[in-house]
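First up is the structure itself, then whatever we jot down about it.
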Amino acid sequence: MHLTNSVGGKKEQFIPVNPGHVGMYVCGPTVYNDVHLGNCRTFLTFDIVARYFRYLGYKVRYVRNITDVGHLENDADEGEDKIAKKARLEQLEPMEIVKHYTEGFHHVMRQFNILPPSIEPSATGHIVEQIEITKKLIDNGLAYETNGSVYFDVLRYNKDHHYGILSGRVVEELMESGRKLDSQDEKRNKVDFALWKRASPYHIMRWPSPWGDGFPGWHIECTVMSTKYLGEEFDIHGGGMDLKFPHHECEIAQAVGANGKDPVRYWLHSNMLTVNGQKMSKSLGNSFLPHELFSGNHPLLEKGFSAMTVRFFMLQSHYSSTLDFSSEALHAAEKGFKKLSNSLGIIKKLTYSGKGEGKTQVNEEFSRLVFELHTNMSDDFNTAKTLAVLFEMSSRINDLKSGNISMTDVSEEKFNIFKGSYVKMMEDVLGLREEAEHNHELLKGVVNVLIELRKKAREQRNYALSDTIRDDLKKLGVQLKDGKDGEMTFSVE
RNA sequence: GGUCUCGUGGCCGAGCGGCUAGGCAGAGCUCUGCAAAAGCUUGUACAGCGGUUCGAAUCCGCUCGAGACCUCCA
């Protein structure tokens, strides 16, 4: 297994801290708003990572947090907490905001078949630990209190450590660029960041601390929750590209400053989803909400697309590349996914009916495809290449069904490995399941009655009637397909 | 302005120095009463200009273009 480590940007072999185990932490959403498709891409990326490691037999502990306090509107000292602001605007309790958007987030994750993490801790549930680590950083001389707030001393840290190891930022350059520190500022240097913020008298979200009432800073929650559940050194830390700096850089500094060791072995960053080449983001106002996509209720879409189509669409590119989102690309994905999905339905029903050892050439091809499936996934989770192999396998599945390849051409062992790999790769690893409609018993029954009637009509060469049945069903979105041997199947669009 | 990334055929997108990625769309054919599905065949490509190399989409330099981060964002 190889993966690209954002520190250094090189592909490295994966060696777990504890053999057979994978500890992974991913920065979850700040629940003050609906999650959009760009957010979903990141969570999908790490869903694949967790699924594939499990498939390989690792015991995976996947921690993904919910940020429900501390995320400020901007890094300036007067920045307002996102949750608190929303609560004020909507005249709700912060917890009402948090609950509402957390549930919405979970709902969307289920729609995309993104599995829940092993632990989903929240920042407000770890205030005590955040205060503790802040105290520790002060004791270590890496943080200071001003006016009831506590800041991390980046310059001091940078003397003995490397602030910028992940993002490539140079502290001196950061000091020179951008906004100047004014006399109002509580920070010693502009590069310093908040560990704890004093709450103004009207601030609703507040907890007592050694420095008075306040609330934690944004970066400290992740340091606390990752190391609490995964240990001071764990395997993988993931998140969106845009969190690399400052968020993840600060996490490293905090953990190193408090515990004296580098917390993360491999940093993984998923790239942005773009619209017309521009990053999809809440602030740019070009974001797509999942329900807009499913319903097609969006100016840039002519129709809706299923969650599985979108999942497939995203998996066609590598997680580290930007992916451009467009109606056209989605149409193509819809058709492509249907192909794989059809084959999935076929292979699941297919049992070995041949005998003997089969033909060497066919056996070798089946083995090669299975092998490539795994080498591609093990090469930095290359889902795009994996899908290309699945398409090849899909063709072989159709060959088996139509008789282009006979069951006796392949050995029972090769067939079963081939079948198992296709099904597991599709369903367990890539999380692509057949669209549900096929499984609706009532619909199935009703359509089968019509299929029987149509068969009779065709036997009597009453093509006018048989075409009416087919055309009328088509209008309702049910597509009939005539097989070679007179057998008929249908699919729902 | 600083740091960095990317630019592949009609569209989306793999690619990490030599071997047709793949999907969608297009063209032709097979099967079929007609469709659909499936199968077979097929074209069009690496932004531009230099360099390194026996050999470059792939490495280096420059030019042009797009984007990201440096302020909140997955």
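So that the names make sense, note that chain A is the first sequence line, chain B the second, and so on, each numbered from 1.
- As a whole-Å value, the separation of K474(A) NZ from C34(B) C1' is 14 Å.
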Discussion item. How would you summarise protein contacts on nucleotides 15-23 of chain B per nucleotide, using B for base, S for sugar-phosphate only and - for none, with heavy-atom distances below 4.0 Å?
Written reply: SB----BBB
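- In the model, N65(A) has a side-chain atom that pairs as donor or acceptor with a side-chain atom of E221(A) under 3.5 Å.
- The base of C34(B) lies close enough to the side chain of D482(A) for a donor and an acceptor atom to sit less than 3.5 Å apart.
- One N or O donor and one acceptor, one from the side chain of D467(A) and one from the base of G33(B), sit under 3.5 Å apart.
- If you check every strand for non-hydrogen atoms under 4.0 Å, D471(A) touches nothing.
- Here the separation of G48(B) from C64(B), taken at their P atoms, is 16 Å to the nearest Å.
- Counted within 6.0 Å of NE2 on H107(A), heavy atoms from surrounding residues, nucleotides or ligands total 12 or fewer; the atom is thus considered open.
- The CZ-P distance, from R169(A) to U3(B), rounds to 11 Å in whole Å.
- Taking atom C1' in both A21(B) and U30(B), one finds a spacing of 26 Å when rounded to whole Å.
- Between C24(B) and K338(A), no contact under 4.0 Å exists linking OP1 or OP2 to a side-chain N or O.
- Within the nucleic acid shown, K244(A) has no heavy atom closer than 4.0 Å to any nucleic acid atom.
- Comparing R396(A) and A329(A) by the nucleotide of RNA chain B whose heavy atom lies nearest to each, the residue mapping closer to the 5' end is A329(A).
- Side-chain contact of T274(A) with D324(A): a donor-acceptor pair under 3.5 Å is present, judged by distance alone.
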Response to the item:
Its dot-bracket string being built from Watson-Crick and G-U pairs below 3.5 Å, with | for another strand and [ ] for crossing, RNA chain B has the pattern ((((((((.[[[..)..(...]]].(((((.......)))))....[[[[[..)....]]]]])))))))....
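- With both ends at atom C1', the span from A27(B) to G9(B) equals 16 Å, rounded to whole Å.
- The base of A74(B) is not paired with the side chain of R41(A) by any donor and acceptor separated by under 3.5 Å.
- Between the side chains of Y32(A) and T67(A), not a single donor N or O lies within less than 3.5 Å of an accepting N or O.
- Heavy atoms of G277(A) sit under 4.0 angstrom from primed sugar atoms or phosphate atoms, though from no base atom.
- Around the NZ atom of K282(A), the shell of radius 6.0 Å holds more than 12 heavy atoms that belong to other residues, nucleotides or ligands.
- Other residues, nucleotides and ligands contribute over 12 non-hydrogen atoms within 6.0 Å of the OH atom of Y463(A).
- F245(A) comes within contact range of the sugar-phosphate backbone alone, with a heavy-atom separation under 4.0 Å but no base atom that close.
- Residue contacts for L480(A): at a heavy-atom cut-off of 4.0 Å it reaches a base atom on one of the strands shown.
- Atoms NZ (K197(A)) and P (C72(B)) sit 12 Å apart, rounded to a whole Å.
- The two residues M407(A) and S353(A) come nearest to each other via the heavy atoms CG-OG, 3.3 Å.
- Using atom C1' as the reference point in both G17(B) and C31(B), the two lie 45 Å apart (nearest Å).
- For E334(A) and C11(B), the CD to C1' distance is 16 Å, given to the nearest whole Å.
- Residue R461(A) is out of contact with every strand shown, counting any heavy-atom pair closer than 4.0 Å.
- No more than 12 heavy-atom neighbours from other residues, nucleotides or ligands sit within 6.0 angstrom of NZ on K10(A).
- Across the protein-nucleic acid pair, Y32(A) atom OH and C72(B) atom C1' stand 7 Å apart, rounded to whole Å.
- If you check every strand for non-hydrogen atoms under 4.0 Å, S317(A) touches sugar and phosphate atoms only.
- Checked by atom type, the side-chain pair D380(A)/Y319(A) shows a donor-acceptor distance below 3.5 Å.
- The shortest distance between the side-chain N/O atoms of N398(A) and the OP1/OP2 oxygens of G39(B) is below 4.0 Å.
- As rounded to the nearest Å, C11(B) and C29(B) have P atoms that lie 27 Å from one another.
- The number of heavy atoms from other shown groups lying within 6.0 Å of NZ (K85(A)) does not exceed 12.
- In this structure, L323(A) reaches the sugar-phosphate backbone alone: every heavy-atom distance under 4.0 Å involves primed, P, OP1 or OP2 atoms, never a base.
- A68(B) atom C1' lies 13 Å from atom CG of L243(A), rounded to whole Å.
- Taking atom CG of N276(A) as the reference point, atom C1' of C11(B) lies 14 Å away to the nearest angstrom.
- At a cut-off of 3.5 Å, with distance as the only test, no side-chain donor of Y266(A) or E12(A) sits close to an acceptor on the other residue.
- In this structure, Q479(A) atom CD and A35(B) atom C1' are separated by 8 Å, rounded to whole Å.
- Mapped onto RNA chain B by nearest heavy atom, S167(A) and L273(A) fall at different nucleotides, with S167(A) at the one closer to the 5' end.
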